[in-house]
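Input: a single structure, listed below in structure tokens.
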Amino acid sequence: MDIDARIKRRQHRTDEPRLVEDYESLAPVSHVSEPSDRGPVFERLLDHLDPVFDGQLPPNAYVYGPFGSGKSAIVTALFAHLDRLSTENSSVIHTSTRASTPVSPAFAYLDLRELASEFALYGGLLDAVVDDSVPDHGVSTEELRERLRDVLGGSRAGIVVAVDHVYESDDIGAAELLDVFAGLPSNLSWLAVGRNRPEEVALTEHTANTIRVERYRRETLVDVLMTRASLGLTQQALDHELARRIADWADGNAHHALAALFVATDRATTANRTHLTESDVASAFEEFPGSSVSLGRVLALPANKQFVLRKLIDLDADECASVAATTEAISADPSVDLSRGTVKRYLYEMAETGVVERVESESATGKGRPPSRVELRFPPTAFRRLYDLNR
DNA sequence: GATCCACGGGAATACACGGATG
DNA sequence: CATCCGTGTATTCCCGTGGATC
């Protein structure tokens, strides 16, 4: 992606000066193929995966580290490379019916943010392993599992699966995950990725290795920001001093740093500037709620929930006095064809998962349980821009 | 015809308050 | 005084239905 982005940037060069050259490179939810300065972690992951190069499966493992430490970036990049490598050696399984004779394992990356059921999990696995398209309707979970068993059973080398964002899903917890793996052939090795410390996690009873990812150091984070800016923004748009300011503020969290850069860029763009200023950055900081959830989580929500959120972020404060009022305001929009009940349920469900937060209103009017309003737990400008880009 | 899942809607439960009760 | 009860809201839970797809 890095090289593509650089090429695209040149292609899109116009006479008119503009700030953003490539939104995709700038988006805080996209990962680059060569994360900066993460050499040591790559080495430790490769140490763990070493048996693969002799055609063997590594044991199970757990990768952990704090929010924004680059776990997903590293694992997606590494697995993409490994997968490409093993495909080039024609060692993967090609169709569900006819398996070639693999000499090294296949690699799959699954994100539990996007796979919300056992059915979807099997589908994701099957999709990673088979060329044919995988049905998402009309076939039973059992059937899907059988197909997967067949394919894996016929594969000599097996598969290494990275499962990202464990312990973030309400639908699939550690128990469900272990159940799924238990029902599959043993030539499957998994690499779970999460934020929780290994000692407080049941999955580690099934792992031989744990690999820790440290939060970013400030200098590294500055590099990350400068690299992103060089990919996504016009020349000289972000000066080093501002990148430093953002890195300080983000305190090692690359997600927050990149999201802040993204929001600041949006401000500068609306103001028709071709470089970022102090005030762009400052107002980006202000837009972050006290504790912000990952934009990746927001953007992994089902389409209609995102739609409701998209409407929500455009409401005035007085329309958000209570959940009922918010529901009413959103439903009043003619482009919303969801029922009031559903809109309201969505709001409550999203509050439950932490994407928004319910705060009780202090105005006790006497009668009944006091209402609460929902507050965003993510920077709205970032979501607005990313959402609109995808439509 | 079978399947999954998103929706819709309603039942059950929680909470806050004031007033009645022991 | 502490507890219970009734009422009115808010919130959570749950299940049937139907669309889309195989």
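Keep in mind that this is a model prediction, so the values were computed, not measured. Within every chain, numbering begins at 1; the chains are lettered A, B, ... in the order of the sequence lines, protein sequences first and strands thereafter.
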Nucleic acid contacts - residues 347-357 of chain A versus DNA chain C, non-hydrogen atoms under 4.0 Å: A:Tyr348, A:Glu352
Reference residue A:Lys344; test side-chain contact (heavy atoms from CB on, under 4.5 Å); the match among A:Val323, A:Thr326, A:Leu338: A:Val323
Sugar-phosphate only, base, or nothing, as touched by A:Thr342 at under 4.0 Å among non-hydrogen atoms: base
Separation of B:dA2 P from A:Glu142 CD (nearest whole Å): 17 Å
Selection residues 106-124 of chain A - residue pairs positive for salt bridge (Lys or Arg N to Asp or Glu O under 4.0 Å), sequence neighbours left out: A:Arg113-A:Glu168
Whole angstrom value for the distance that separates C1' of B:dG8 from CG of A:Asp337: 13 Å
Flag, side chain of A:Asp239 to backbone of A:Glu241, donor-acceptor distance under 3.5 Å: yes
Aromatic ring pairing A:Trp190/A:Phe181, orientation class (parallel under 30°, perpendicular over 60°, tilted between): parallel
Side-chain N,O (A:Ser322) to OP1/OP2 (C:dA10) below 4.0 Å: no
Contacts of type side chain to side chain donor-acceptor pair (under 3.5 Å), residue A:Arg195, not counting sequence neighbours: none
Between B:dC4 (P) and A:Leu144 (CG): distance, integer Å: 9 Å
Salt bridge flag under 4.0 Å for residues A:Asp248 and A:Arg244: no
Atom-to-atom span, CD of A:Glu118 to P of B:dC4 - whole angstrom: 10 Å
Atom pair distance, as rounded to whole Å: CZ in A:Arg340 and C1' in C:dA10: 18 Å
Footprint string (nucleotides 15-22 of chain C, 5' to 3'): B base within contact, S backbone only, - free, heavy atoms under 4.0 Å: ----BBBB
Value in whole Å for how far the C1' atom of B:dA6 lies from CG of A:Asp171: 13 Å
side-chain N/O A:Thr141 vs B:dC4 OP1/OP2, d < 4.0 Å: yes
Side-chain donor-acceptor contact under 3.5 Å, A:Ser72 with A:His165: yes
Inter- and intrachain pairs under salt bridge (Lys or Arg N to Asp or Glu O under 4.0 Å), touching residues 260-270 of chain A, at least two apart: A:Asp266-A:Arg385, A:Arg267-A:Glu287
Working for ring-ring contact (aromatic ring centres under 6.0 Å, His included), residues A:Phe383 and A:Phe378: CA-CA 8 Å; A:Phe383 172 69; A:Phe378 55 88; 5.5 Å; yes
Value in whole Å for how far the P atom of C:dG6 lies from NZ of A:Lys367: 14 Å
Cation-pi geometry met for A:Arg38 and A:Tyr216 (6.0 Å, 45°): yes
Nearest-angstrom distance from the residue atom NZ of A:Lys344 to C1' of B:dG8: 13 Å
Is there any protein nitrogen or oxygen under 3.5 Å from a nitrogen or oxygen in nucleotides 10-15 of chain B, and what are the pairs?
unit_1, atom_1, unit_2, atom_2, d
B:dA14, N3, A:Arg369, NH1, 3.4
B:dC15, O4', A:Arg369, NH1, 3.3

Over 12 non-hydrogen atoms of neighbours within 6.0 angstrom of CD in A:Glu200: yes
